[in-house]
Amino acid sequence: MHWIDAVANELVKRGGRQVIASGISISGHVHIGHSNDVFIADAVRRAVGELGLEAESVWCADDYDPMRRIPWPLNEGELAERYKQYLGFPYANIPSPDPNYRDFVDYFSRPFIESLKHFGIEVRIHSGAKAYRDGRMADLIKRSLENSETIRSILNQYRDKPLPDNWLPVDVVCENCGRISTTRAISWHGDFVSYRCEGADYVAGCGHEGEADYTSGGAKLTWRVEWPARWKLLGVTCEPFGKDHAVRGGSYDTGKLIARKVFDYEAPYPIPYEWVSMKGKKLSSSKGVVFTLKQWLEIAEPEILRYFIFRSKPMKAKVFDPGLPLLDLIDEYDLVERAYYDKTDEAGKREEQQRRIYELSQVGRVSETPIRRISYRFAAVLAQVTNDEEKIIKVLISRGMLVNPGELEIKLALRRLELARNWVMNYAPEHLRFKILEQVPAEILAALTPKQKQALGQLADDLAGREFTPVELHNHVYAVAEMTGQKPNELFQAIYRVLLGRDSGPRVGNFISALDREFVVSRFREASL
RNA sequence: GGGCCCGUAGCGCAGUCUGGUUAGCGUACCGGCCUUUUAAGCCGGCAGUCGAGGGUUCGAAUCCCUCCGGGCCCGCCA
């Protein structure tokens, strides 16, 4: 059984309406590592729904957290200077670097939120900042303040250095300098917390002393308390989270205790997961090691990312590489897809699992008509040769990559062409990239041997005379090489040189048949003179 | 100090939760197909003491214990 279903079963056993939460700090661009969170939460929602229980998934923006570090790309040049003043501010109170976005949070989170629908994710968006400002957290804050002593002792169980006696579980926004990470709460009464702006290790405080109204956003709960408070507020029954929270004595452990003792709430069913790294480097929004959902959609179908997440167990480390290894991932997906539609009599344990992974990878429902895709690798070649859609379809059909294609198949093929085109431009290794020469440099023409020239001329005549299929054409190159008394190798080189200016390239048959015939004929003729 | 993940064919991995016929897949490699294939296709083949040791069991890659090696996280904040 797939782990998503195992979780769903457990939730169904517990019964009741299910709320699966996910969320992250808006510390920069939201990347595909963060997507783990939402993707898992939403998949559980879907699986629970399939079992007939009401379920909802929520994505929480932790947008009232302080900015500890200026995230990429705001940490470069003039912007860095401008944003330095906001260190320690709650994200929600920082302006956007771009006038097209409302604020800092909008700037970093909107592209992510807008991408979600393309991946089939249906979540409710919850803003932490808004909850604080609207007073929806007020009761929970009050309860936390009343139970400060209990909370402190729970946290101290896992701390080397105990929290001070007068510690309070709130972080106050300084009304003078606007920072939240610099203040220390001193005491509280009614709806107010008094504080002093003392500073943090990465930014100085302003020394201001005052009182903040926590019922309207003047203060937030400290993370380890905020989390269980949010479970209570939203009625969370299940939540995936990064392995950092999952360590013994980590925020899940303390949250569980706080939830029970302070909020009279049972902690949600936990789903710890590993992070995603990119070429071995941990994804980091603040450091700019990012790969966003938007970037993903430019080079691969959304199903592939879902597959990437659901194919392995949540605690397995996932390594993403948008270069050549991406193609292996896509091939693997294509294979699973093909197997899904190839009906087999006996479905073993493994097949069963693969089928389920495929289903979970789908953006919507599984297509009833079998899906056939063209090879991404070939698309990467074809995309560099032409962008004439009609021609592309013709080539694909002539090569047998599309057989009596329906509308859907053509649409998928053209989309993949587009994705592959973007991939080649931005992520492909140099040796897979080529460009048709607009003109052949004189030195290339001069370096051609008489035999090569003769062969190219012959090819030009033959191509002008009749239509060749890719295979025929490839064979014909050999024939011409023999006819002109040279090794095939020499002719291949000549062909690549006059077309690409290089010694090698894509398979000649495919390659040339993808090109405009007139163009090839005139190019070969020119070279033969 | 505590916790997690990984170690299976040259390389990348699945299978481990729920133990059970000759341990799979991709890739690389080798060979074949079309008299010939620089990055297409199809077919076939090679290759593994399942990190090591011990235990449980009729039976262990799978469960338990110990150890070795690699990686990550927490012990500030999130």
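Order of the sequence lines sets the chain letters (A, B, ...), proteins ahead of strands, with each chain counted from 1. For the numbers below, each heavy atom of this structure counts, side chains included, while hydrogens, waters and symmetry mates do not.
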Exercise. Is A/R184 salt-bridged to A/E198, going by a charged N under 4.0 Å from an acidic O?
Worked result: yes
Seminar exercise, completed: Among the nucleotides B/A78, B/C13, B/U38, whichever has the atom closest to the side chain of A/K316 is B/C13
Seminar exercise, completed: Mate of B/A52 across any strand shown (Watson-Crick or G-U wobble, both atom pairs under 3.5 Å) is B/U66
Exercise. Would you call B/U38 syn or anti, using the 90° rule around 0?
Worked result: anti
For this session: Counting Watson-Crick and G-U wobble pairs only, both distances under 3.5 Å, name the nucleotide matched with B/C13, or none.
Result: B/G24
Problem set entry | Lys/Arg-Asp/Glu bridge criterion (N-O < 4.0 Å) met for A/R230, A/E239 | yes
Seminar exercise, completed: By the Watson-Crick or G-U definition, both distances under 3.5 Å, B/A61 is matched with none
Exercise. With a 4.0 Å cut-off on heavy atoms, is A/S251 in touch with a base, just the backbone sugar-phosphate, or nothing at all?
Worked result: nothing
Exercise. Which nucleotide, in any strand shown, forms a Watson-Crick or G-U wobble pair with B/A39, with both distances under 3.5 Å?
Worked result: none
Exercise. For A/R338 and B/G26, what is the distance between atoms CZ and P respectively, to the nearest whole Å?
Worked result: 11 Å
For this session: Write down the distance separating the C1' atoms in B/A47 and B/C11, rounded off to the nearest Å.
Result: 13 Å
Exercise. When all nucleic acid strands are considered with a 4.0 Å heavy-atom cut-off, which category describes A/R69: base, sugar-phosphate, or nothing?
Worked result: nothing
Problem set entry | 5' priority, RNA chain B, between A/M315 and A/Q493 [closest heavy atom] | A/M315
Exercise. With the threshold set at 4.0 Å, does a side-chain nitrogen-carboxylate oxygen contact exist between A/R306 and A/E303?
Worked result: no
For this session: Ignoring the backbone of A/R502, work out which of B/A78, B/G26, B/A39 is nearest its side chain.
Result: B/A39
Exercise. Does the side chain of A/K313 get closer than 4.0 angstrom to OP1 or OP2 of B/A14 through an N or O atom?
Worked result: no
Seminar exercise, completed: Here the distance between atom P of B/A78 and atom OH of A/Y202, to the nearest Å, is 10 Å
Exercise. How far does the P atom of B/C25 sit from the matching atom of B/U66, given to the nearest Å?
Worked result: 36 Å
For this session: Provide, to the nearest angstrom, the distance between the CZ atom belonging to A/F308 and the P atom belonging to B/A14.
Result: 12 Å
For this session: Mind telling me whether A/H245 and A/F241 have parallel, tilted or perpendicular rings, with 30° and 60° as the class edges?
Result: perpendicular
Protein and nucleotides 69-75 of chain B: nitrogen or oxygen contacts under 3.5 angstrom:
{"unit_1": "B/C72", "atom_1": "O2'", "unit_2": "A/K243", "atom_2": "NZ", "d": "2.4"}
{"unit_1": "B/C72", "atom_1": "O2", "unit_2": "A/K243", "atom_2": "NZ", "d": "3.2"}
{"unit_1": "B/G75", "atom_1": "O2'", "unit_2": "A/D160", "atom_2": "OD1", "d": "3.4"}
{"unit_1": "B/G75", "atom_1": "O2'", "unit_2": "A/D160", "atom_2": "OD2", "d": "2.8"}

Seminar exercise, completed: Paired with A/I151, the side chain to side chain contact (heavy atoms under 4.5 Å, CB included) test is passed by just one of A/I258, A/L221, A/T254, namely A/I258
Exercise. Cation over ring, A/R179 on A/F89, under 6.0 Å and within 45°?
Worked result: no
Exercise. Less than 6.0 Å separating the ring centroids of A/F320 and A/W275?
Worked result: no
Seminar exercise, completed: Heavy-atom nearest nucleotide on RNA chain B taken for A/A246 and for A/D331; more 5' hit belongs to A/A246
Problem set entry | Assigned partner base of B/C76, Watson-Crick or wobble definition, under 3.5 Å | none
